[in-house]
*Asks:* 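I'd like to ask you about the structure that follows.
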Amino acid sequence: MVGEPGGPSDEVVVVGGGVIGLTTAIVLAEGGRRVRVWTREPAERSTSAVAGGLWWPYRIEPDALVGEWALDSLAVYEDLAARPDETGVRMVEGVHGETRLDALGPWAARVPGLRVADAGEYPGTALWARLPLIDMSTHLPWLRERLLTAGGAVEERAVTDLAAVDAPVVVNCTGLGARDLVPDPGVHPVRGQLVVVENPGITTWLTSVDRASQSSTYFLPQPGGLLLGGTAEEDAWSLTPDPAVAERIVARCAALRPEIAGARVLEHRVGLRPARHAVRLERAELPDGRVLVHNYGHGGAGVTVAWGCARAAATLACPAA
């Protein structure tokens, strides 16, 4: 039984220090719980650090819950965008190509300003929106500092057995690591490759997704450069950038904005999205009866639903949080 906030049995350990783990820990800590984050590596080396950072519920289930999680998170990011240099969050205009309003869930009607793009904005079916674009190189350290300010702690330590974590409440936010740790063989990687180039003056984002293939086209203007993507390779584990894939990414983006063709390449990035047939967000028990909450399987939409899932997970872990 979890005690009153600040009591002796009130400690929570959140396993996993990416965006899902940090936001969950923040909600718990700001709710009065004593929180430690155990993470194998710092947030700057997590999968979250490679994320493009555009808010949009993409390739994530279950539909019935994702909309509310995403909208909860959208409201948080809209507030954080008032301090972009501090939080890394900006509201940026852009276009989702090959996307129709009637193909989206009920959540879309509650996204401020979302509308059909006109012919001058995109040569085809598309939606225009002004959405949060999050620079993860700034946002992740900011999340960590917010947690520390709330009295939480971050410890770099590997976890090989959830039952061995010494706290009355354990929250599992391990992403792809849940495949072995739970174990949950339904968790699998969806490999994404990005190319970062010097921005030739592009101030809006664009996505163009081919849902019948493992490739997509998008560019996202971030402070450190223009992020070009991308790929969605199921069950691919390699973290080594593929030069041929990188060339195709640049070519697809340049077909939409020719000035990208001559942009100097700054960096290549690869991330493994922690995918699952649906997000696992539920309360369970460890073998000795202690509380265990799972919060993993967000695929490439972890940033999009982070705050909504964090609040749900915190409620499951400590109902009074």
Side-chain angles (χ1 to χ4, degrees), residues 1-2 10-29 31 33 35-41 43 46-48 51 57 59-70 72-73 143 147 152 154-155 157-190 272-321:
M1 177 71 71
V2 177
D10 196 51
E11 187 172 47
V12 182
V13 168
V14 176
V15 185
V19 67
I20 296 296
L22 288 174
T23 50
T24 300
I26 287 167
V27 172
L28 285 161
R33 307 293 163 173
V35 182
R36 289 180 290 158
V37 172
W38 288 7
T39 179
R40 183 180 56 193
E41 55 195 1
S46 68
T47 298
S48 298
R59 292 174 65 106
I60 181 172
E61 299 283 347
D63 281 342
L65 299 174
V66 163
E68 291 301 320
W69 294 337
D72 283 352
S73 304
L143 286 175
L147 172 61
V154 178
E155 303 173 17
R157 54 192 299 176
V159 175
T160 57
D161 182 0
L162 290 170
V165 178
D166 62 341
V169 179
V170 179
V171 186
N172 172 25
C173 300
T174 55
L176 195 57
R179 179 182 175 92
D180 296 323
L181 186 61
V182 173
D184 184 347
V187 181
H188 62 279
V190 176
L272 305 181
R273 306 175 183 98
R276 193 173 182 269
H277 71 275
V279 173
R280 188 177 186 189
L281 182 45
E282 62 184 12
R283 180 171 170 143
E285 285 188 353
L286 292 165
D288 59 4
R290 287 178 296 138
V291 173
L292 171 64
V293 173
H294 294 294
N295 184 13
Y296 66 86
H298 305 83
V303 172
T304 297
V305 298
W307 289 97
C309 287
R311 289 168 177 167
T315 299
L316 291 172
C318 304

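We're numbering straight along the sequence, starting at 1. Heavy-atom basis, side chains included; hydrogens, waters and symmetry copies ignored.
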*Asks:* What is the distance from atom CG of Leu292 to atom CD of Glu282, rounded to the nearest 0.5 Å?
*Replies:* 9.0 Å
*Asks:* Compare all side-chain heavy atoms of Thr304 with those of Ile60 and state whether any distance is below 4.5 angstrom.
*Replies:*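 The answer is no, as the side chains (C-beta and beyond) never meet within the 4.5 Å cut-off.
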*Asks:* State, to 0.1 Å, how close Ala317 and Val171 come at their nearest heavy-atom pair, and which atoms those are.
*Replies:*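 For Ala317 versus Val171, the nearest heavy atoms are CB-CG2, 4.1 Å.
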*Asks:* Among residues at least two apart in sequence or on other chains, which ones pass ring pair (Phe, Tyr, Trp, His ring centres under 6.0 Å) with His188?
*Replies:* none
*Asks:* Under 3.5 Å, side chain of Arg283 to main-chain N/O of Thr315, donor-acceptor pair present?
*Replies:*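 No: the side chain of Arg283 does not pair with the backbone of Thr315.
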*Asks:* Taking the side chain as everything from C-beta on, heavy atoms only, tell me whether Val169 gets closer than 4.5 Å to Arg33.
*Replies:*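 No, every pair of side-chain atoms sits at 4.5 Å or beyond.
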*Asks:* Does any non-hydrogen side-chain atom of Val279 lie less than 4.5 Å from one of Val305?
*Replies:*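 The answer is no, as the side chains (C-beta and beyond) never meet within the 4.5 Å cut-off.
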*Asks:* Side-chain donor-acceptor pairs under 3.5 Å in residues 293-303, sequence neighbours left out?
*Replies:*
{"from": "His294", "atom 1": "ND1", "to": "Asn172", "atom 2": "ND2", "distance (Å)": "3.0"}
{"from": "Asn295", "atom 1": "OD1", "to": "His298", "atom 2": "NE2", "distance (Å)": "3.0"}
{"from": "Asn295", "atom 1": "ND2", "to": "Thr24", "atom 2": "OG1", "distance (Å)": "3.2"}
{"from": "Tyr296", "atom 1": "OH", "to": "Asp184", "atom 2": "OD2", "distance (Å)": "2.6"}
{"from": "Tyr296", "atom 1": "OH", "to": "Arg280", "atom 2": "NH1", "distance (Å)": "3.0"}

*Asks:* Do Asp72 and Trp307 have side chains that get closer than 4.5 Å, going by heavy atoms?
*Replies:* no
*Asks:* Looking at CH2 of Trp38 and CG of Leu162, how far apart are the two atoms once the value is rounded to the nearest 0.5 Å?
*Replies:* 10.5 Å
*Asks:* Search all heavy atoms of Gly175 against all heavy atoms of Pro274 and return the closest pair with its distance.
*Replies:*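 For Gly175 versus Pro274, the nearest heavy atoms are C-CB, 3.6 Å.
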*Asks:* For Val187, is there any backbone N or O sitting under 3.5 Å from a side-chain donor or acceptor partner on Arg179?
*Replies:*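 Such a contact is found between Arg179 side chain and Val187 backbone.
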*Asks:* How close do Gly17 and Ala43 get, heavy atom to heavy atom, and via which atoms?
*Replies:* O-CB, 3.5 Å
*Asks:* Flag the pair Leu176 / Thr47 as yes when at least one side-chain heavy-atom distance between them is below 4.5 Å, and no otherwise.
*Replies:* no
*Asks:* Taking the side chain as C-beta and beyond, is there a heavy-atom pair between Leu281 and Leu316 under 4.5 Å?
*Replies:*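 Yes, their side chains come closer than 4.5 Å.
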*Asks:* Identify the two heavy atoms, one from Gly21 and one from Val14, that lie closest to each other, and give their separation to 0.1 Å.
*Replies:*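 Minimum heavy-atom contact is O-CG1, 3.6 Å.
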*Asks:* What closest approach, in Å, do Ser73 and Gly308 show between heavy atoms, and which atom pair accounts for it?
*Replies:*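 In terms of heavy atoms, the two residues are closest at OG-N, 3.0 Å.
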*Asks:* Check salt bridge (Lys or Arg N to Asp or Glu O under 4.0 Å) between Arg40 and all other residues, then give those that pass, not counting sequence neighbours.
*Replies:* none
*Asks:* Can Arg36 and Asp166 be said to form a side-chain contact (heavy atoms from CB on, under 4.5 Å), step by step?
*Replies:* CA-CA 11 Å; Arg36 289 180 290 158; Asp166 62 341; 3.2 Å; yes
*Asks:* Over all heavy atoms of both residues, which pair between Leu181 and Asp161 is shortest? Give the atoms and the distance, please.
*Replies:* CD1-N, 3.7 Å
